[in-house]
Protein chains: 2
Amino acid sequence: MVLSKACTYGILASLYVARESSRSNGYVSIGKMSEKLHISFHFLTKILQELTSAGLLTSMKGPKGGVALKRDAGKITLLDIIIAIDGMKVFTECLLGMPGCGTEKPCPVHDEWAEIREDLYETFRSKTLGETVQKIEELDLRFALPELFDR
Amino acid sequence: MVLSKACTYGILASLYVARESSRSNGYVSIGKMSEKLHISFHFLTKILQELTSAGLLTSMKGPKGGVALKRDAGKITLLDIIIAIDGMKVFTECLLGMPGCGTEKPCPVHDEWAEIREDLYETFRSKTLGETVQKIEELDLRFALPELFDR
DNA sequence: TATATTTAAGACCAAATACTCTTAAATAAA
DNA sequence: TTTATTTAAGAGTATTTGGTCTTAAATATA
Ligand code: SF4
Ligand code: SF4
């Protein structure tokens, strides 16, 4: 698996928050979100805390509390989320897991792997939450586990 | 990490076996191989057992025993090794870990991910152990952990 | 045939990841 | 100001992956 489970949940949740705030603006409840996305509340909370401390979300406690995007949805990319949760290693790690190996004395699959890694990076870097949510609405794409949130 | 540790070790070991048999033909000792590649003997043994039961290697017990390629090095691809150890899931799995999601109602990154996955598959499918070993010799590439085997 | 060598098999242990639970702190609203 | 609600923090548990160790079986060779 390229991304950790926590990271994929983080992406799905961020998209959910971006989508909700584009409608109702205000804080999005983690409890409600966890039900809609079918992700364990406590686990999701912890993941969102990472995004908050990374400066991508803000949170508020108490009734009507929850999380919200800190920047505009058009200014946060999927890459931002991934780096905050899994780190850059996703895009720098070696395919064959060799330490200290690089371009000077590469292994036989380095060139292809470096290119694929670059493609992945570019894919995430070029997608903002805003654009992605828009695409989801337009094309009726899915971004939740089995049952998509009702409406 | 795209490939499991076991899988990367399996690839490195297969290349080692292919390289050795191109010189000395006969069985390659797992003990010696584990020293040269700096991989734990017992762990390596277990991995090679998987490759043996997958029909990629043959083994022989006793003095002068070890493992050898079952088919010609030009007839075994890196993909064969990967499928034997990690399975096809490497190339079919969803980037966002969504179950039962496919092309009919895809998520916003499906197209890019499907293409990247396909590139990866093609990279491994197109590389035989034979060709790869040849490339290693010609270009003096590395395929062992820190210390490459001495000669 | 006896012995040393080597893989096979599987139990076992360790570390990382995934997930849960409890308690505390903040805050909105009654 | 009291209470209900909600996130924060961190301890605790489960599962998966990575790795070790022990014992058995095969076989070459002395
Ligand atoms: S050369 Fe191969 S082994 Fe080395 S970093 Fe690149 S992909 Fe990894
Ligand atoms: S559409 Fe997205 S979530 Fe669904 S299988 Fe493809 S990559 Fe995964």
Side-chain angles (χ1 to χ4, degrees), chain A residues 1-13 16-17 20 26-35 37-70 85-87 89-90 93 96-97 99 145, chain B residues 1-13 17 20 26-35 37-70 82 85-87 89-90 93 96-97 99 145:
Chain A
M1 219 189 197
V2 178
L3 303 177
S4 70
K5 226 81 187 296
C7 192
T8 68
Y9 292 169
I11 291 173
L12 299 178
Y16 181 97
V17 173
E20 287 303 300
Y27 288 93
V28 176
S29 152
I30 300 179
K32 189 174 179 188
M33 183 167 18
S34 76
E35 281 170 24
L37 296 177
H38 307 104
I39 299 172
S40 141
F41 168 73
H42 289 291
F43 194 32
L44 184 56
T45 297
K46 211 160 61 165
I47 295 163
L48 293 176
Q49 279 169 24
E50 291 186 66
L51 295 180
T52 300
S53 70
L56 298 172
L57 302 178
T58 39
S59 67
M60 194 176 62
K61 293 175 181 176
K64 302 277 169 189
V67 293
L69 299 185
K70 190 150 184 184
I85 298 175
D86 279 354
K89 69 166 197 289
V90 176
E93 242 179 12
L96 297 183
L145 288 317
Chain B
M1 216 186 199
V2 178
L3 303 178
S4 70
K5 225 83 188 296
C7 191
T8 67
Y9 291 169
I11 291 173
L12 299 177
V17 173
E20 287 302 301
Y27 288 91
V28 176
S29 151
I30 300 178
K32 188 175 179 190
M33 183 167 19
S34 76
E35 282 171 25
L37 296 177
H38 306 104
I39 299 172
S40 140
F41 169 72
H42 288 292
F43 193 31
L44 184 57
T45 297
K46 210 161 62 165
I47 294 163
L48 293 176
Q49 279 169 25
E50 289 185 67
L51 294 180
T52 300
S53 69
L56 298 172
L57 301 179
T58 39
S59 67
M60 194 175 61
K61 294 176 181 175
K64 303 276 172 191
V67 293
L69 300 185
K70 190 149 183 184
I82 292 169
I85 297 175
D86 279 353
K89 70 167 197 288
V90 175
E93 240 179 14
L96 298 182
L145 288 318

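Protein chains get the first letters and strands the later ones, always in sequence-line order, with residue 1 at the start of each.
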Exercise for the section: Determine: side-chain N/O of B:S59 to OP1/OP2 of C:dA8, distance under 4.0 Å, yes or no. Expected result: yes
Exercise for the section: Kindly indicate whether the side chain of A:I39, heavy atoms from C-beta on, has any atom under 4.5 Å from the side chain of A:I47. Expected result: no
Fill in the blank from the handout: Heavy-atom nearest nucleotide on DNA chain C taken for B:S29 and for A:L44; more 5' hit belongs to B:S29
Fill in the blank from the handout: In whole angstroms, the gap separating C1' of C:dT6 from CE of B:M33 amounts to 12 Å
Problem - Spatial distance of atom SG (B:C7) from atom CD1 (B:I85) [nearest 0.5 Å] - result: 5.0 Å
Exercise for the section: Evaluate the side-chain proximity of A:V67 to A:T58: yes if any heavy-atom separation is below 4.5 Å, no if none is. Expected result: no
Problem - Residue pair B:K64 / B:Y27: nearest heavy atoms and the distance that separates them - result: O-CB, 3.8 Å
Problem - Side chain to side chain, A:K46 and A:Y9, heavy atoms closer than 4.5 Å - result: no
Practice task
Give me the bend of the helix from C:dT1-D:dA30 to C:dA30-D:dT1, using the axes of the five pairs at each end, rounded to 10°.
Solution key: 10°
Completion exercise
Rounded to the nearest 0.5 angstrom, the OG1-CE distance for A:T45 and A:M33 is 8.5 Å
Exercise for the section: Any chance you could measure A:Q49, atom CD, to A:I30, atom CD1, to the nearest 0.5 Å? Expected result: 7.0 Å
Heteroatom pairs (N/O) under 3.5 angstrom, protein to nucleotides 15-19 of chain D:
from, atom 1, to, atom 2, distance (Å)
D:dG18, OP1, B:K5, N, 3.0
D:dG19, O6, B:K46, NZ, 3.0

Exercise for the section: Please list, by residue number, the residues of residues 48-56 of chain B whose heavy atoms come closer than 4.0 Å to an atom of DNA chain C; answer none if no residue qualifies. Expected result: B:Q49
Practice task
Taking the side chain as every heavy atom from C-beta outward, state whether B:I11 and B:L3 have any atom pair closer than 4.5 Å.
Solution key: yes
Problem - Approximate separation, where rounding is to 0.5 Å, of A:L69 CG and A:L57 CG - result: 6.0 Å
Practice task
Rounded off to whole Å, could you give me the CD1-to-C1' distance for the A:I47 and C:dT20 pair?
Solution key: 13 Å
Handout entry: Shortest non-hydrogen contact between A:A68 and A:G26, atoms and distance
Key = CB-O, 4.1 Å
Practice task
Rounded off to whole Å, could you give me the NE2-to-P distance for the A:H38 and C:dC19 pair?
Solution key: 15 Å
Exercise for the section: Taking side-chain contact (heavy atoms from CB on, under 4.5 Å) as the test, write out the residues that go with A:S53, two or more places apart. Expected result: none
Practice task
With heavy atoms under 4.0 Å as the rule, sort A:Y27 into base, sugar-phosphate or nothing.
Solution key: nothing
Practice task
Let me know the distance between CD1 of B:I30 and P of D:dC21, rounded to the nearest Å.
Solution key: 17 Å
Handout entry: Counterpart residues, ring-ring contact (aromatic ring centres under 6.0 Å, His included), relative to B:F41 (two or more places apart)
Key = none
Exercise for the section: Check for a donor-acceptor pair, side chain of B:D86 on one end and backbone N or O of B:S4 on the other, with a separation under 3.5 Å. Expected result: yes
Fill in the blank from the handout: Counting primed atoms, P, OP1 and OP2 as sugar-phosphate and everything else as base, the B/S/- map of nucleotides 23-30 of chain D against protein heavy atoms under 4.0 Å is --BBBBS-
